[in-house]
Amino acid sequence: MFDQKRIVKSANWDVASRMAAPFISSREEVGELRDQLGAEGRKLVLTNGVFDLLHAGHVRYLKEARALGDCLVVAINADESVRELKGAGRPVYPAEERAEILRALRAVDRVVVFGEKRASRTIEIIRPHIYTKGGDYTPDSLIDEEKQLLDRLGIDVRILSLVPGKSTSATLRHLERGGGAQEGPGRRIAILGSGRGSNCEAILDAIASERLDAEPVLVISDIADARILSLARDRGVSALHVDPGSERPGRLSAAALKEIVDRLEAARVDLVILAGFMRIVREPLLSAFEGRILNIHPSLLPLHPGRDACRSAIEAGDSESGCTVHIVDAGIDTGPILDQARVPVLPGDTPDTLQERIHRAEHELYPRTVGEMLDRLEREG
Ligand code: GRF
């Protein structure tokens with residue numbers, strides 16, 4: 001159990017006190033510090049987490065959090081609650097060492113340790129001016145108790161974007177597989193799309209929240225102002241427009257195909273993911289990534305390949321439709337099927353309402369199938 005008695009009282013807030021503060025402060029003294037800062041018109045920022053194996057993603061996140069105010073307090077879970085939350089193998093380091101490491105960062109002004117599973121009690125005692133969480137959270141994923149508390153105390157909640165592909169679980173898995181900074185995790189993905197990129201978003205979200213172990217290294221679009229590109233940039237993923245040339249609609253020029261292959265190879269991509277990419281994938285791209293290009297299609301293939309799959313399902317009077325993830329081959333929506341999800345076709349459905357229902361299923365199915373495919377590629381070497 002975390003021993004509150006080992007906490008040494010810290011002095012007032014200034015640079016010298018920051019240096020003199022112990023590795024671990026108590027929540028109560030940080031609450032006092034908050035009042036003092038408030039009286040001076042300054043802001044205390046609070047964030048919380050496990051922080052048991054720091055990586056560049058943490059450091060960037062903490063820097064951003066610190067920049068929101070004048071003093072950053074990091075609340076870390078006590079060892080017992082980490083074990084409950086993350087399993088018997090965690091935390092990698094005990095709370096005292098995690099606090100020591102965090103306090104060595106310039107961005108971190110105080111560290112407190114809390115024994116409860118949730119941060120509510122800590123928020124209540126500290127009453128930060130700003131409470132911040134990583135980008136895998138949304139205001140909706142905060143539990144009701146936390147939301148009400150934050151509202152009641154008038155705390156400003158900020159969600160900061162996480163660095164894609166950087167997570168403690170990914171680092172631990174990388175080490176288990178033998179590690180090696182040069183080799184990378186072997187789970188480098190690129191996403192190609194032409195439109196709004198909701199599947200790309202679902203995949204990046206799954207990575208940020210550690211449901212999918214993958215490193216997104218590149219997003220490519222044939223449309224210069226496609227949302228998928230701005231979405232990628234906003235999340236710190238390289239985004240590239242490739243001019244498709246003046247081929248017939250749905251085709252890519254030889255130069256465009258070559259540029260895509262060159263860029264994917266330069267980025268050492270392991271798996272190429274098509275997410276609403278409205279061009280046919282031809283040679284030399286097919287051979288360069290043979291068996292390593294996935295597509296998602298809004299029907300239960302082999303039914304309704306090609307465009308307008310939702311309209312075709314309704315016109316055919318199908319009572320059920322869905323989506324399919326398959327490996328891309330030289331045909332249109334013909335490659336080996338990896339997985340499918342089913343959704344009902346409801347009376348009165350239009351292509352748009354059916355498409356929306358299928359989209360929701362796609363956002364579950366695609367990240368999961370991508371993870372399974374990466375596992376398989378890794379196993380097969
Ligand atoms: C999805 O419905 C997918 O099945 C199809 O194109 C659509 C892409 O949507 N291949 P988004 O760009 O991912 O939102």
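In this chain, numbering begins with 1 at the start of the sequence shown. Note that the coordinates shown come from a computational prediction; the quantities given were computed from them, not determined experimentally.
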> Looking only at atom types and distance, does a side-chain atom of Glu29 sit under 3.5 Å from a main-chain N or O of Ser26, one as donor and one as acceptor?
Replying inline: yes

>> Under a plain distance cut-off of 3.5 Å, with no hydrogens placed, do Arg118 and Ser120 share a side-chain donor-acceptor pair?
In response: no

>> Hydrogens and angles aside, do Arg27 and Thr122 bring a side-chain donor and acceptor to less than 3.5 Å of each other?
In response: yes

>> The test is side-chain hydrogen bond (donor to acceptor under 3.5 Å, both in side chains); show your working for Asp308 and Ser312 and say whether it passes.
In response: CA-CA 6 Å; Asp308 277 337; Ser312 306; over 6 Å; no

>> Strictly distance-based, threshold 3.5 Å: is any side-chain N or O of Arg98 a donor or acceptor partner for the main-chain N or O of Val50?
In response: yes

> For the residue pair Phe289 and Val269, what are the closest heavy atoms and their distance?
Replying inline: CE2-O, 3.4 Å

> Do NZ/NE/NH1/NH2 and the carboxylate oxygens of Asp109 and Arg103 come within less than 4.0 Å?
Replying inline: no

>> Can you give me the closest heavy-atom contact between Ile220 and Leu229, atom names plus distance?
In response: C-CD2, 4.3 Å

> Do Val111 and Val73 pass the side-chain contact (heavy atoms from CB on, under 4.5 Å) test, and can you show the C-alpha distance, the side-chain angles, and the key distance before you say yes or no?
Replying inline: CA-CA 6 Å; Val111 174; Val73 179; over 6 Å; no

> Does Ile123 reach the side chain of Leu150, with side-chain heavy atoms less than 4.5 Å apart?
Replying inline: yes

>> Has Arg279 got a side-chain atom pairing as donor or acceptor with Arg251's backbone, closer than 3.5 angstrom?
In response: yes

> For His304 and Asp318, does a side-chain donor sit closer than 3.5 Å to a side-chain acceptor?
Replying inline: yes

> Between the main-chain N or O of Ile101 and the side-chain N or O of Glu97, is there a donor-acceptor pair closer than 3.5 Å?
Replying inline: no

>> Using a 3.5 Å distance criterion without hydrogens, assess whether the side chain of Ser321 forms a donor-acceptor pair with backbone atoms of Ser299.
In response: no

>> Would Leu44 and Val30 count as a side-chain contact (heavy atoms from CB on, under 4.5 Å) here? Give the steps.
In response: CA-CA 9 Å; Leu44 183 143; Val30 170; 4.1 Å; yes

> Crowded around Glu372 CD? As in, over 12 foreign heavy atoms under 6.0 Å?
Replying inline: yes

>> Would the distance check show the side chain of Arg66 and the main-chain N or O of Asp70 forming a donor-acceptor pair, the cut-off being under 3.5 Å?
In response: yes

> Side chain of Thr353, backbone of Thr350: donor and acceptor closer than 3.5 Å?
Replying inline: yes

>> Determine whether Asp262 and Lys258 satisfy the following criterion, salt bridge (Lys or Arg N to Asp or Glu O under 4.0 Å), listing intermediate values before the conclusion.
In response: CA-CA 6 Å; Asp262 288 349; Lys258 179 167 185 328; 2.7 Å; yes

>> Does this structure show an ion pair linking Asp339 with Arg368, if we count only N-O contacts that are shorter than 4.0 Å?
In response: yes

> Tell me, do Val217 and Arg268 make a side-chain contact under 4.5 Å, heavy atoms counted?
Replying inline: no

>> Please determine whether a side-chain nitrogen of the Lys or Arg among Arg83 and Asp79 lies less than 4.0 Å from a carboxylate oxygen of the Asp or Glu.
In response: no

> Got a second to check how far Glu378's CD is from Leu271's CG, nearest 0.5 Å?
Replying inline: 11.5 Å

> About how many Å separate CG of Leu240 and CD1 of Ile260, when rounded to the nearest 0.5 Å?
Replying inline: 8.5 Å

> Would you find a donor on one side and an acceptor on the other, under 3.5 Å apart, between the side chain of Thr47 and the backbone of Lys133?
Replying inline: no

> With a 4.5 Å heavy-atom cut-off, do Leu264 and Val261 have their side chains touching?
Replying inline: no

> Atom CG of Leu62 and atom CG of Leu54: how far apart are they, to the nearest 0.5 Å?
Replying inline: 7.5 Å

> How far does CZ of Arg342 sit from CD1 of Ile358, to the nearest 0.5 angstrom?
Replying inline: 12.0 Å

> Around atom CZ of Arg282, are there more than 12 heavy atoms of other residues, nucleotides or ligands at under 6.0 Å?
Replying inline: yes

>> Checking the side chain of Ser238 only, and the main-chain atoms of Leu218 only, is there a donor and an acceptor separated by less than 3.5 Å?
In response: no

> Does a sphere of radius 6.0 Å around CD in Glu320 hold more than 12 heavy atoms from other residues, nucleotides or ligands, not counting ones at 6.0 Å or beyond?
Replying inline: yes

> Between Glu64 and Arg60, is the closest basic N to carboxylate O distance under 4.0 Å?
Replying inline: no

> Under 4.5 Å between any side-chain heavy atoms of Leu252 and Ile280, yes or no?
Replying inline: no

> What distance do Cys71 atom SG and Arg110 atom CZ have between them, rounded to the nearest 0.5 Å?
Replying inline: 6.0 Å

>> Ignoring hydrogens, what is the shortest heavy-atom contact between Ala361 and Ala341? Give both atom names and the distance.
In response: CB-CB, 4.2 Å

> Could you walk me through whether Asp205 and Arg235 pass the side-chain contact (heavy atoms from CB on, under 4.5 Å) check?
Replying inline: CA-CA 10 Å; Asp205 282 350; Arg235 286 154 182 259; 2.8 Å; yes

> Can you name the closest pair of heavy atoms from Leu377 and Asp270 and give their distance?
Replying inline: CD1-O, 3.9 Å

> More than 12 foreign heavy atoms under 6.0 Å from CZ of Arg311: is that the case here?
Replying inline: no

> Side chains of Pro128 and Ile155: closer than 4.5 Å at any heavy-atom pair?
Replying inline: yes

> Relative to the ring of His58, is the ring of His55 parallel (under 30°), tilted (30 to 60°) or perpendicular (over 60°)?
Replying inline: parallel

>> Under a 3.5 Å distance rule, please check whether His297 uses its side chain to pair with a backbone N or O of Thr324 as donor and acceptor.
In response: no

>> With a sphere of 6.0 Å drawn around CD1 of Ile332, does it hold more than 12 non-hydrogen atoms of other residues, nucleotides or ligands?
In response: no

> Do Arg227 and Glu201 sit within salt-bridge range, that is, some charged N less than 4.0 Å from a carboxylate O?
Replying inline: yes

>> Restricting to non-hydrogen atoms, name the atom on Glu362 and the atom on Pro367 that form the minimum distance, rounded to 0.1 Å.
In response: O-CD, 3.9 Å

> Got Leu374 and Asp213 here, is their nearest side-chain heavy-atom distance under 4.5 Å?
Replying inline: no

> Atom OG1 in Thr132, atom CG in Asn48: separation rounded to 0.5 Å?
Replying inline: 9.5 Å

> What's the verdict on side-chain contact (heavy atoms from CB on, under 4.5 Å) for Ile228 and Arg196, showing C-alpha distance, side-chain angles and the deciding distance?
Replying inline: CA-CA 5 Å; Ile228 194 170; Arg196 66 174 180 165; over 6 Å; no

> Can Glu80 and Arg90 be counted as an ion pair, charged N to O under 4.0 angstrom?
Replying inline: no

> How about Pro216 and Ile203: do any of their side-chain heavy atoms sit closer than 4.5 Å?
Replying inline: no

>> Tell me whether Glu124 is salt-bridged to Arg121, with the criterion being a basic N under 4.0 Å from an acidic carboxylate O.
In response: yes

> Do the side chains of Ile223 and His241 get nearer than 4.5 Å, heavy atoms only?
Replying inline: no

